[in-house]
2 protein chains.
Amino acid sequence: MQNKSKTKKREAVVAKQLAEELGVSISTISRAFSPHAVIAPETRERVLRRAEALGYHPNPFARSLITRKTSIVGIVVSDITNPFYPEVLTGLTEALQDIELNVMLFTSTGTQTSDDAVSLALRYQPDILIVLAATVSSKAATQATQAGTNMIFFNRYVPDAPAFTVTCDNVLGGREVADFLIDSGHRQLAFVSGLPDATTNRDRWKGFSERCAERGQANPLKEEAGCFAHDAGFAATQRLMSCQPRPDAIFCANDLLALGALNAVRKMGLRTPEDVSIIGFDDISMASWSSHALTTYRQPVPKMISTTVDLVRRITAGSLQDTTPVCIAGDLVVRGTVRKADE
Amino acid sequence: MQNKSKTKKREAVVAKQLAEELGVSISTISRAFSPHAVIAPETRERVLRRAEALGYHPNPFARSLITRKTSIVGIVVSDITNPFYPEVLTGLTEALQDIELNVMLFTSTGTQTSDDAVSLALRYQPDILIVLAATVSSKAATQATQAGTNMIFFNRYVPDAPAFTVTCDNVLGGREVADFLIDSGHRQLAFVSGLPDATTNRDRWKGFSERCAERGQANPLKEEAGCFAHDAGFAATQRLMSCQPRPDAIFCANDLLALGALNAVRKMGLRTPEDVSIIGFDDISMASWSSHALTTYRQPVPKMISTTVDLVRRITAGSLQDTTPVCIAGDLVVRGTVRKADE
DNA sequence: GTGAAAGCGCTAACAT
DNA sequence: ATGTTAGCGCTTTCAC
């Protein structure tokens, strides 16, 4: 016996001790904690009461070894600088916690790619893997399937990936923005594009440009910001506003870009909405601040979260095979940065 | 045998299969994955290669059952609306991931109190529990100790709790802000207070007010916003600016409050810094946007994170008993919202 | 309704 | 250097 254990962890109470104290078998302890097990109500009561006093809980790892369910949901994130995601992350975590599922968090910001993060997550055999903000290859999705783990893409999708998908209706959002801008008399439309690969970015552009075409508008200008950050939106808008003819309305792929656009326009001595209208996407909390009063297409976050959690519930219950993407409409929030019709 | 398993998970590859395939014992497989185990290099190589091909990894739960180390770090969060925290959360997760530790996330925003979140986290016997944004009682800290789990309070502390602490030097920050404002000629100082119980809030006030006294200033006005949100700062500042005499400088307990203050001041038709100076705390990314250009005391986030991760490393290595709080100085970032001296 | 026994996947003595 | 054995804490047959 080595004596290296000065910092030895205090042992947690285990089933055996509880069993001995109560003069019952270990199985009985186990049954007390299994809602559907056959056990005398008074026995269960007695066990649970004593367990409570001793701070005993079945070891979730030992349990999962047998049940083959970990009660863990893996979440993979990357672009957390967008304030949209923390909200989603905590919302999901909280809702999952309420149905006895806990979250392991994996990031892919630094040295790790998103696919690495997925691999890593898979080792823990989570009941579900939710991909929040990361461009994951369909290979990773396949890997998950092979490992027997169901994946949910949140607000993004991977074509042909064997996975579930919950998104805001980004195409519809783009269309509604186009309609709104055209209806309110704008004629020189422009789009500030974020991360080119992101499906959110592509779909918003798709809806926007398609609807413009349907309405007989010229194809909107498209300026690449390259990512979804404030400063990128700022720079892209500076470039955009030196085009001829100058846009009278700018639709940005998300709010962060739009706030950058707003600041760029102001810096140039122009005003919104008099000189140019700006419209974002997400409705992050800053959009409503009086310093910005940003018009934006609001993502139905609560509904997207509840839908996702419901999906998780049904998948873990084993009652779901249908991976048809769920696509939820948001709604336009009109604030000060857009010129109204008839003004 | 029940036949309820249409959706049965595909079994993951386990050590036994690998062992049989390779004609070695299960122990050999295990040894190949234990860096310090005695094993022929070529054997290890052979095992790892085949494991790679098959996608085998030791089941972390089975492993932790024996080693009594979970390689899991629990993180408890609550006030995630403050953009300061997502940054910290992902920063920590990433850094921990790099040293083979994974994060389980627990929230206490909704029905659960922070103490509940701690209890929950403890069931997973994390190697370390980091409390990020939550007011945790010292009882919960004691509970953690009894369960043998070391806790780290990140940017907050609980007096008398048996736990480690890493904070920004909030008192010093408050003092430096006071010096800066007084040196630049301000005389009617005010403080917008966030969550009253938060140690960050109290320490920033403490440093600020103490230094004011030392410099022979009148005690600053103190206005309670009640929490750390933009709108609360907005409202508190409106109240503050109707005081007589009107403050010529407002120090806000964090940036979110300060941005609210900025917007409130503008809404009243006043200008910064001409009419009133505003100064925040944190240096969140929005503070640097041209629409705000907020002067603020920057928290040394990267250093706080690396310090925390280093602490984690030493604790898990068993080489640390000393729970003296680590307190790291930040620095003042001067932007447009403060009147300079001699103007 | 309860206990005994087997075993989840793995690591850590102990042999050899 | 490798194989054998025991057992981590738990759930789940299978008896009774």
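In what follows, every chain begins at residue 1, and chains take the letters A, B, ... in the order their sequences are listed.
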Next item on the list: Can you measure from CG (A:Leu129) to CG (A:Leu132) and round to the nearest 0.5 angstrom?
Entry: 10.5 Å
Note to self: side-chain contact (heavy atoms from CB on, under 4.5 Å), that's the test. Do B:Met151 and B:Thr145 meet it? Break it down for me.
What the structure shows: CA-CA 8 Å; B:Met151 272 179 96; B:Thr145 310; over 6 Å; no
Check: Is A:Glu45 salt-bridged to A:Arg49, cutoff N-O under 4.0 Å?
Finding: yes
Note to self: To the nearest 0.5 Å, what is the distance between CD1 on A:Ile328 and OG1 on A:Thr308?
What the structure shows: 7.0 Å
Next item on the list: May I ask you to test the A:Val76-A:Ile130 pair for a side-chain heavy-atom distance under 4.5 Å?
Entry: no
Next item on the list: Find the bend of the helix from C:dG1-D:dC16 to C:dT16-D:dA1 as the angle between its two terminal axes (five pairs each), to the nearest 10°.
Entry: 40°
Margin query: To the closest 0.5 Å, what do you measure between OG1 (B:Thr167) and CE (B:Met304)?
Written below: 6.5 Å
Check: Taking CG from A:Leu18 and P from D:dT11, how many angstroms apart are they, rounded to a whole number?
Finding: 12 Å
Margin query: I'd like to check A:Leu54 versus A:Glu21 (side-chain heavy atoms, cut-off strictly below 4.5 Å). Are they in contact?
Written below: yes
Check: Nucleotide by nucleotide, 5' to 3', does protein get under 4.0 Å of the base (B), only the sugar-phosphate (S), or neither (-) in nucleotides 9-16 of chain C, counting heavy atoms?
Finding: BBBBB---
Margin query: Can you tell me how far apart OG1 (B:Thr200) and OH (B:Tyr157) are? Round to the nearest 0.5 Å.
Written below: 9.5 Å
Next item on the list: Apply the test ring pair (Phe, Tyr, Trp, His ring centres under 6.0 Å) to residues B:Phe33 and B:Tyr56: give CA-CA distance (whole Å), side-chain angles for both, the deciding distance (0.1 Å), then the verdict.
Entry: CA-CA 11 Å; B:Phe33 282 91; B:Tyr56 169 81; 5.5 Å; yes
Item checked: Partner of B:Asp127 under side-chain hydrogen bond (donor to acceptor under 3.5 Å, both in side chains), chosen from B:Thr316, B:Thr70, B:Thr149 -> B:Thr70
Check: Going by heavy atoms closer than 4.0 Å, what residues in residues 39-48 of chain B are next to DNA chain D?
Finding: B:Ile39, B:Ala40, B:Thr43
Checklist line | Nearest-angstrom distance from the residue atom NE2 of A:His36 to P of D:dT12 | finding: 11 Å
